[in-house]
Amino acid sequence: MRSVTYSMGVSLDDYIVGPEGDFDWGDPSEDVFRLAVDEIRGVGVHLMGRRLYETMLYWETADQHPALAFSTLDFAALWKALPKVVFSTTLSAVQGNARLASGSLAEEIERLRAEPGEGDIAIGGATLAAEAAASDLIDEYRARVYPVLLGGGIPFFAQHERRVDLELVETRTFNSKVVYLRYRVAR
């Protein structure tokens, strides 16, 4: 069965976006960016909310800028080809290899898990991930922890009143002092 993964850059105090909506503190170094490229290679479909979808629209045309680094162009090509499902109540259409979700998050994940296909089902964005976590749909959490304290913003982990036991699968420390933590939900 395909795994559902949640992967984001996060501050040490658990925020993916700062109090003013900023995320420039999470600009990845080349080695951290290569990790993101490798993660995307293992994804079969990406689920996201409207805000992340709109942020990631940049990658639909990034390959038209040949002066970009190879890893950036590689990510752009992978992202552009990747099927995406967008959850939004305000969008009426989406671009590229994306479609608007036709069902609830749980229904979409159930359908995607039942379909033949390769690669993980990735969830992007804290709001959508919080909904998936509350329904116990996430199989792996992958955090790229940046050495910064933001003091507020949108948290990586939504506060729920249930315990979730995790098993450490992988850890890496990068030259940029970013630490990658990959945990599998213990079931």
Verdict with reasoning, Thr5 to His46, per side chain to side chain contact (heavy atoms under 4.5 Å, CB included): CA-CA 9 Å; Thr5 64; His46 205 289; over 6 Å; no
Under the ring pair (Phe, Tyr, Trp, His ring centres under 6.0 Å) rule, what do Phe33 and Phe75 come out as? Steps first, then yes or no, please. CA-CA 9 Å; Phe33 192 78; Phe75 182 87; 5.5 Å; yes
Side chain to side chain contact (heavy atoms under 4.5 Å, CB included), that's the test. Do Leu181 and Tyr141 meet it? Break it down for me. CA-CA 8 Å; Leu181 301 170; Tyr141 291 89; over 6 Å; no
Given 3.5 Å as the limit, does a donor-acceptor pair link the side chain of Asp22 with the main chain of Val17, or not? no
Can any side-chain N or O of Ser176 pair as donor or acceptor with the backbone N or O of Pro28 at less than 3.5 Å? no
Less than 4.0 Å between a side-chain N and a carboxylate O, is that true for Arg172 and Glu170? yes
Are Arg187 and Asp136 close enough for a salt bridge, meaning some N to O gap below 4.0 Å? yes
Salt bridge between Arg41 and Glu39, side-chain N to carboxylate O under 4.0 Å? no
Going only through I, L, V, M, F, W and Y residues with side-chain contacts under 4.5 Å, is there a path from Ile138 to Val145? yes
Answer yes if the side chains of Thr89 and Arg50 hold a donor-acceptor pair under 3.5 Å, and no otherwise. no
Indicate whether the side chain of Ser102 and that of Glu108 have a donor and an acceptor atom separated by less than 3.5 Å. yes
Could you walk me through whether Arg182 and Ser7 pass the side chain to side chain donor-acceptor pair (under 3.5 Å) check? CA-CA 9 Å; Arg182 181 176 163 212; Ser7 178; over 6 Å; no
More than 12 non-hydrogen atoms from neighbouring residues, nucleotides or ligands closer than 6.0 Å to CG on Asp165, yes or no? yes
Under a 3.5 Å cutoff, is there a donor and acceptor pairing between the side chains of Ser3 and Arg184? no
Tell me, with the steps shown, if Val4 and Ile123 meet side chain to side chain contact (heavy atoms under 4.5 Å, CB included). CA-CA 7 Å; Val4 176; Ile123 293 182; 3.5 Å; yes
Decide if atom CZ of Phe157 counts as having more than 12 heavy atoms of other residues, nucleotides or ligands within a radius under 6.0 Å. yes
Looking at Glu110, I want to see if its CD is surrounded by more than 12 non-hydrogen atoms of other residues, nucleotides or ligands under 6.0 Å. no
